[in-house]
Amino acid sequence: MAEAILSFLLNRLSTFLDQEYAHLRGLREGLQFINDELGSMKAFLRVVESQIEQNNDLLQEWVKQVREAAYDIEDVIDEYMLIFAPSRVNEFYGCVQNTCTSVMTLKARHELSNKVNDIKSRVENISARYHRYKLEFDFHVTESNSFAAEENQVNHIRQRALLLEEADLVGIDVRKNELLSQILDDNSHLKVVSVLGMGGMGKTTLIRRVYEDTSVRRQFQIRAWVTVSQTFRIKPILMDLIQQLHKEIKQSVPPEVQSKDVDGLKLFLKDFLQEKRYVIVIDDIWSIDAWKALIYALPDCNCGSRIMVTTRIKDVAIASHHEHCGYVYIMKPLSDEESWTLFCNTTFEDKCCPMHLQDVSNRILKKCEGLPLAIASIGGVLFLKDKNRIDEWEKIYENLTGESEGLGKMDRLNKILLLSYNDLPYYLKSCLLYTSIYPEDYAIDSWKLIQLWTAEGFVQDREGMLSIEAGYEYINELVNRSLLQVSKRYPNGSIKGFRIHDIVREIILSEAKELGIITLVKRRYAEGSSTSTRRLVIQDFSNETQEDIQYKHLRSLLIFKYGDHTSTSSLLKSLCGRSNLLKVLNLNQLPLEKIPKEVFKLFHLKYLSLISSKVKVIPKFIKNLLNLEFLNLAETQVTKLPREILKLRKLRELLIYQSGNYFNNYAVSGFKAPKDIGRLLFLEVMYTIDADNEKLVKEIGKLSKLRELGITKLRREDGKELCCSLEKLTNLEDLRVWSLNKDEILDLQYSTIPQSLNVLLLNGRLEQVPQWVPSLQGLRKLVLMSSGLVEDQLECLQMLPNLLKFALWEDDELENLCFKAGSFQKLKKLCLGKLIRLRSLTIEEGAMPHLEKLELTGCELMEELPEGIENLKQLQEVELYLMPDKLTAEMTLEKENSRNCRKITRVPPILIVNWRYGKWEEHHL
């Protein structure tokens, strides 16, 4: 961790010395000495952090001193920039000559000089110990060799391309089938099936496989999954349940639900589930009180509903069994054979252990005691070890013996996971420890996390690779080592979201607190360093904050649990007013109506996120945030940006939009931007901008770094200019365009769009498919809305070679649609919605051979299931929303002689959702 901080600092210090050469009177010599000394320690520190024993207190204390010195010199740089490069100047490093002669700046320079001299003395002492330790521990690693080793490891992981998925775990099928027999029996009463076992046994993985099974999807009308965890709070869990269940039927949650108290939410949920056959998973429940609080809201309607529970607590499993017709499944460790199979799958590229490694492998495996998480984690470590160096493998075994002999399974699992953490390269340690900012069982969004990593300096642009690309590689590496668990993927297979196993989180949280990486506030108590807090994470808001926390070093403020508007605003004003070196401010979902003025004094701020807040206006003071790189105002009420936004020349990502309702989930409103938005030359993401005039559309062509662009309110006459602009955006990957209204023509028959495009959304009338669309070889996702195209015009799209998702919505011209043999060879998801004239849909044999999900919504004249639907051998889900009664009634009444019923006998579960008698009705077939 210290090495990562040092690398980031040395880059900053080198740039700072070069750019501020003329103004560093009295400071330059001391800073240059510090730079040289810290640089000479870098290779040694990189090796030290990966090789020293955890109980080597002397060496760990030395590493701590290096880290603190690095933090302090970063403070000096930031304080200098705050004083000598004020926000009122146009250029970040310009126009400071006159202010340097003032009395105020002379005093500040004197104070900074004293700080530099103090740090210089400390670094001299640290350096003396560095030379002593280097000799004592006999580390002989050069910077170039260390860098080469790092590069080789990265390349090795790239070659591996092994992501341990739930489906690859061994020994799970027998367990799964036993649980399925309990879930799918003919008992009409509410039944509770509990899975009991210690952490790391694979309870959640097992029950997830059951929950996703085709037979479960077919038998139950509605499903939901909630995670309880130790920090049990009933209201958020009830809200999560309600939101999931409404999403299942694609219905919005009634607005009045937000204002209900706990009892009101329970009654609402209980009423919603009446007369429904549901299956609900309650994952990781720790107490009988938590169980009783939840079970009251889950009714027994004699519909054959099921609740599945995972727990480590025997009393919880017994209580759920006694109170309802239930079954308790006790998780057991993997057998020796299963353990060996899982070990080989995760350790060796060919899944086969070489003869010369079998003995040491068996000894290492024995230490895992059949725990899947332990086996997968140690496999991730060993995969990267030289298969010809038995001594490296013996060293791993030795690290698992000694003091760990006689430990229980949980202690040994912790030992293995700590070893996995210690084996990480320095850059991954920083990134993994940073994930401790998230609350327990939090669903982490990969993209948002990478933004934070970048703002914190953990991920940087590299030659030939952007920070976002490097960030995704880091996440892949951590998944490969079984330290992160994938929860969502994009259609192309990249990781969209993940969670952290409770036990892994406990380890990294402990490390992060010990190293002073974060200070965690829960209610009124601060956990972690409070003497020099650099990252303050508020996971449970209280009006009374910890007064003994020192805020002057604060770099990041992240709030996950908030109070009312007044108390939240007061807290922000206090923290921002005392912490003028803040770089990261995460205020998502806070009930703020305006941004406190103290925020606009944060000259060093790089990341500002106010997602789903109530903010309406961005004031002109935004111009003061000259270092801002990430501004996220998604789902706020902001509709216009002031001209002063153009001062933010470092801005990389700008997101301001409001999304539409669920059935019209591609509807988006954007923001009005200054006409010369093209000045923001570093923008990589801009979503979503209103196309107010031709000049603004032309400006987009100046943003050559754009990777993602959303543009709304496009007029027909702006189409040619937009295409000319897009032609210049050679890095563009994601393009989404909305016309001025549904009747406005999207005239995009011009120029050539970059082949880098992999996501395309067009919402508006098309006279024909733009000629450049069928040539997009890398296109993964295509959405056409209100296009007005007919079957012949759409045929040119069926040969797109790499398309994974295709959606057609709100077309009022299309009457027949046929997917030809050989079409859409890689398509996985097909969505057809509100095609009001569509009568027939035909799927020829050989079309869409890899289709997994078919979704049909509001096709009012379509009275039969697609002809040839049985040809879709890989189909796993069929969902019908607001489809004609003739189509759905035949299937729900099981008319054996109907054509629709004959078709569905060979397809997977079908979900049918309709609006009847003032409420939604769902059926699973």
Side-chain angles (χ1 to χ4, degrees), residues 660 664 666-668 670 688-694 696-698 700-701 709-729 732 734-755 757-777 779 781-800 803 805-820 823-824 827 830-841 858-861:
N664 194 14
Y666 300 112
V668 167
T688 300
I689 185 172
D690 288 347
D692 274 354
N693 55 69
E694 185 178 341
L696 189 143
V697 174
K698 188 174 182 179
I700 290 173
L709 170 64
I711 181 167
T712 65
K713 299 183 179 179
L714 192 76
R715 302 171 302 172
R716 177 171 189 155
E717 55 265 34
D718 296 328
K720 184 175 182 179
E721 194 63 66
L722 178 61
C723 287
C724 290
S725 291
L726 295 176
E727 187 177 11
K728 302 171 186 177
L729 306 183
L732 195 63
D734 189 322
L735 173 63
R736 308 183 187 216
V737 183
W738 287 261
S739 62
L740 182 63
N741 53 59
K742 290 184 179 181
D743 297 321
E744 187 80 10
I745 299 293
L746 282 179
D747 187 10
L748 303 175
Q749 297 294 336
Y750 305 95
S751 193
T752 303
I753 303 301
Q755 285 294 308
L757 208 63
N758 58 52
V759 175
L760 176 63
L761 181 150
L762 300 177
N763 187 337
R765 289 281 170 183
L766 295 171
E767 294 176 325
Q768 58 182 308
V769 173
Q771 58 188 10
W772 43 268
V773 174
S775 68
L776 296 174
Q777 300 295 300
L779 198 64
K781 177 179 176 180
L782 174 61
V783 178
L784 299 178
M785 291 193 64
S786 305
S787 67
L789 297 174
V790 295
E791 182 179 15
D792 292 346
Q793 294 173 307
L794 292 169
E795 281 190 17
C796 63
L797 301 173
Q798 298 196 20
M799 291 302 115
L800 283 167
L803 199 66
K805 178 178 178 179
F806 181 41
L808 273 173
W809 274 75
E810 297 185 348
D811 193 305
D812 56 8
E813 296 293 336
L814 192 64
E815 296 185 8
N816 303 290
L817 185 57
C818 177
F819 292 95
K820 305 290 186 181
S823 64
F824 292 125
L827 198 68
L830 175 63
C831 303
L832 304 176
K834 296 187 178 180
L835 308 181
I836 60 175
R837 292 193 180 183
L838 186 68
R839 293 181 178 275
S840 69
L841 177 61
C859 300
E860 299 172 0
L861 301 181

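Numbering starts at 1 and runs along the sequence shown.
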**Q.** Sequence-distant partners of N816, side-chain hydrogen bond (donor to acceptor under 3.5 Å, both in side chains), two or more places apart
**A.** S840

Q. Roughly how far, to the nearest 0.5 Å, is the OG1 atom of T712 from the CD1 atom of I689?
A. 8.5 Å

Q.
Under a 3.5 Å threshold, yes or no: a donor from one side chain and an acceptor from the other, between S739 and E744?
A. no

(Q) If you compare all heavy atoms of I700 against all heavy atoms of I711, which two are closest, and at what distance to 0.1 Å? (A) CD1-CD1, 3.6 Å

Q. Nearest heavy-atom pair of F819 and Q798: which atoms, and what distance?
A. CA-OE1, 3.6 Å

Q. With sequence neighbours excluded, what pairs up with R765 under the side chain to side chain contact (heavy atoms under 4.5 Å, CB included) test?
A. I745, D812, E813

Q) Passes side-chain contact (heavy atoms from CB on, under 4.5 Å), K698 versus C724? Steps please. A) CA-CA 8 Å; K698 188 174 182 179; C724 290; over 6 Å; no

**Q.** Shortest non-hydrogen contact between K805 and C831, atoms and distance
**A.** CE-SG, 4.3 Å

Q. What is the minimum heavy-atom distance between Q793 and C796, and which atoms define it?
A. O-SG, 3.5 Å

**Q.** Minimum-distance pair of heavy atoms, taken over all atoms of L729 and L709
**A.** CD1-CD2, 4.5 Å

Q. Are any side-chain N or O atoms of D690 and backbone N or O atoms of D692, one a donor and one an acceptor, separated by less than 3.5 Å?
A. no

Q. What is the minimum heavy-atom distance between L735 and L732, and which atoms define it?
A. CB-CD2, 4.1 Å

Q. Atom CG in L789, atom CD in E795: separation rounded to 0.5 Å?
A. 12.5 Å

Q: For L817 and L832, run side-chain contact (heavy atoms from CB on, under 4.5 Å): C-alpha distance rounded to whole Å, both residues' side-chain angles, the deciding distance at 0.1 Å, then the answer.
A: CA-CA 11 Å; L817 185 57; L832 304 176; 4.2 Å; yes

Q) Is the CD atom of E791 crowded by more than 12 outside heavy atoms at less than 6.0 Å? A) yes

Q. Looking only at atom types and distance, does a side-chain atom of Q749 sit under 3.5 Å from a main-chain N or O of Q768, one as donor and one as acceptor?
A. yes

Q. Quick one: does Q771's side chain have a donor or acceptor within less than 3.5 Å of a partner on L748's backbone?
A. no

Q: Let me see the working for I753 and L760 under side-chain contact (heavy atoms from CB on, under 4.5 Å), right down to the final yes or no.
A: CA-CA 11 Å; I753 303 301; L760 176 63; over 6 Å; no

